[in-house]
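Okay, so here's the structure we're looking at.
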Protein chains: 2
Amino acid sequence: MDETDRKIIGILAQDARRSLTDIGAAVELSPSSVNERIRRLVASGVIRRFTIDADHRALGLDVLAFVWVGLSPDADEAAFRTFMADHPAVAECHHVTGAWSYCVKVRMPSLGDIEPFLAELKRRRFLARSETVIALSTVRDNQFTSPER
Amino acid sequence: MDETDRKIIGILAQDARRSLTDIGAAVELSPSSVNERIRRLVASGVIRRFTIDADHRALGLDVLAFVWVGLSPDADEAAFRTFMADHPAVAECHHVTGAWSYCVKVRMPSLGDIEPFLAELKRRRFLARSETVIALSTVRDNQFTSPER
DNA sequence: AGTTCTTACCAATTATTTTCCTGTACATTT
DNA sequence: AAATGTACAGGAAAATAATTGGTAAGAACT
């Protein structure tokens with residue numbers, strides 16, 4: 001992981017379809033060297049996968065919400081994590097410091113879909129308490145943040 | 001935007017490097033038809049960009065935090081949004097309902113980098129109050145969530 | 001009904017890109 | 001100095017993507 005690798009990652013984060021020749025020109029390396037570096041970055045897990053950044057609204061997921069979860073004392077935490085990992089509406093789930101146990105980011109077709117989701121969490125005895133915050137608008141939503149600065 | 005388009009998006013979200021032939025086999029379409037659909041999805045903005053999912057830890061961004069921002073009454077909100085859009089540590093920034101104005105997701109090299117970030121927000125008179133929640137571990141972190149149940 | 005327009009699709013060709021292989025240069029170790 | 005390892009470049013081969021031209025189905029209009 002040197003400066004060149006970081007540059008390549010930056011380029012791919014912006015546009016993962018850039019050709020090896022193109023990237024090579026940007027980092028002053030031959031296409032085959034760039035290829036070898038990308039292969040290594042994927043193999044070592046620095047690059048987890050190639051993916052797309054989609055417009056969730058266009059896909060019918062109009063609602064973005066953060067659900068703060070206070071896990072109930074008798075909750076099966078492993079089951080909770082599995083549930084979060086598998087649930088299609090869950091975009092992110094982090095164990096956090098502070099008053100809450102988990103911060104869960106969910107995307108849903110409509111506001112009406114949030115209640116059944118919370119009800120399900122309750123039914124499974126995960127919840128001691130929760131708080132839901134709706135995102136009204138999004139200023140920025142990147143997976144990637146530039147490492148420099 | 002039909003069912004086939006959604007399938008294609010699902011496939012690309014999983015692995016944006018799948019070949020047109022491959023995708024075509026999955027959705028029962030010729031490679032050129034798949035290509036045409038992807039081109040259209042990009043042109044219409046449903047696919048915002050092709051990108052990578054990187055391991056932030058490996059890139060030296062060990063800390064993930066959510067900063068809840070209560071904007072000060074006299075804050076220049078447009079300036080705040082510009083600041084958020086440009087700041088390299090900011091991964092997400094959403095205007096939200098509830099007690100706070102904004103939810104800001106940041107990635108930083110170390111815990112020590114959070115304070116200067118907050119100080120800068122204060123210096124620019126954006127902050128009335130704030131609360132920072134650190135992510136201890138991440139159960140899930142996807143950009144994409146499947147639309148179907 | 002016939003004509004035009006549009007849209008989606010496929011097959012075949014062409015262009016580009018990726019992949020794989022080999023040799024070289026350079027640094028490190030013995 | 002010889003041996004080893006690593007990163008790189010160049011080029012051939014393979015795979016993939018983009019383009020083009022043509023067909024078919026359906027909608028809108030005459």
Side-chain angles (χ1 to χ4, degrees), chain A residues 1-62 109 142-149, chain B residues 1-62 109 142-144 146-148:
Chain A
M1 269 300 281
D2 58 5
E3 193 48 43
T4 304
D5 281 335
R6 267 184 289 274
K7 269 191 199 169
I8 291 174
I9 286 173
I11 290 169
L12 290 176
Q14 273 193 309
D15 179 6
R17 273 186 151 184
R18 291 274 292 275
S19 75
L20 300 177
T21 309
D22 225 30
I23 300 168
V27 301
E28 296 185 318
L29 239 62
S30 72
S32 57
S33 293
V34 175
N35 191 39
E36 175 59 17
R37 276 175 181 264
I38 293 176
R39 196 197 56 73
R40 252 203 320 266
L41 288 169
V42 172
S44 67
V46 178
I47 295 177
R48 290 214 194 86
R49 57 177 182 171
F50 288 76
T51 183
I52 53 170
D53 189 354
D55 180 351
H56 301 282
R57 286 263 162 80
L59 294 171
L61 296 170
D62 288 333
N142 290 127
Q143 192 74 327
F144 186 78
T145 51
S146 52
E148 73 274 9
R149 175 148 242 231
Chain B
M1 269 301 282
D2 58 6
E3 193 47 44
T4 304
D5 281 334
R6 267 184 290 273
K7 270 191 198 169
I8 291 174
I9 286 174
I11 291 169
L12 290 176
Q14 275 194 307
D15 179 6
R17 273 186 152 185
R18 290 275 291 276
S19 73
L20 300 176
T21 309
D22 225 31
I23 300 168
V27 300
E28 297 186 318
L29 238 62
S30 73
S32 58
S33 292
V34 175
N35 191 41
E36 174 59 16
R37 277 174 181 265
I38 293 175
R39 197 198 57 72
R40 253 201 321 264
L41 287 168
V42 172
S44 67
V46 177
I47 296 176
R48 290 214 193 87
R49 58 179 180 169
F50 288 75
T51 183
I52 53 170
D53 188 354
D55 180 352
H56 301 282
R57 286 264 162 80
L59 293 171
L61 296 169
D62 289 331
N142 290 127
Q143 192 73 328
F144 187 76
S146 53
E148 72 274 13

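First the proteins, then the strands, lettered A, B, ... as listed; each starts at 1.
Contact annotation: the side chain of A:L20 approaches that of A:I38 to within less than 4.5 Å [non-hydrogen atoms, C-beta and beyond]. Looking only at side-chain heavy atoms (C-beta outward), B:L59 and A:M1 come within less than 4.5 Å of each other. Looking only at side-chain heavy atoms (C-beta outward), B:V42 and B:F50 come within less than 4.5 Å of each other. No side-chain heavy atom of B:I47 sits under 4.5 Å from any side-chain heavy atom of A:D53. By the 4.5 Å heavy-atom criterion applied to side chains, A:D62 and A:P109 are not counted as neighbours. Counting heavy atoms from C-beta on, the side chains of B:V27 and B:I11 come closer than 4.5 Å. Using a 4.5 Å cut-off on side-chain heavy atoms (C-beta onward), B:T51 and A:L12 make no contact.
Rounded to the nearest 0.5 angstrom, A:I23 CD1 and A:I9 CD1 are separated by 11.0 Å.
Atom CZ in A:R39 sits about 13 Å away from atom C1' in D:dT6, given to the nearest Å.
Within a 6.0 Å sphere centred on CD of A:E3, other residues, nucleotides and ligands contribute more than 12 heavy atoms.
One axis for each end of the helix from C:dA1-D:dT30 to C:dT30-D:dA1, each built from five base pairs, and the angle between them comes to 30° at 10° resolution.
Within 4.0 Å (heavy atoms only), B:R40 reaches sugar-phosphate atoms of the nucleic acid but no base atom.
Between A:R37 and A:D2 there is a salt bridge, since at least one side-chain N of the basic residue sits less than 4.0 Å from a carboxylate O of the acidic one.
For DNA chain C, no neighbouring residue in residues 42-55 of chain A is found when judged by any heavy atom under 4.0 Å. Contacts between residues 16-38 of chain B and DNA chain C, defined by a heavy-atom separation below 4.0 Å, involve B:L29, B:S30, B:S32, B:S33, B:R37, listed by number.
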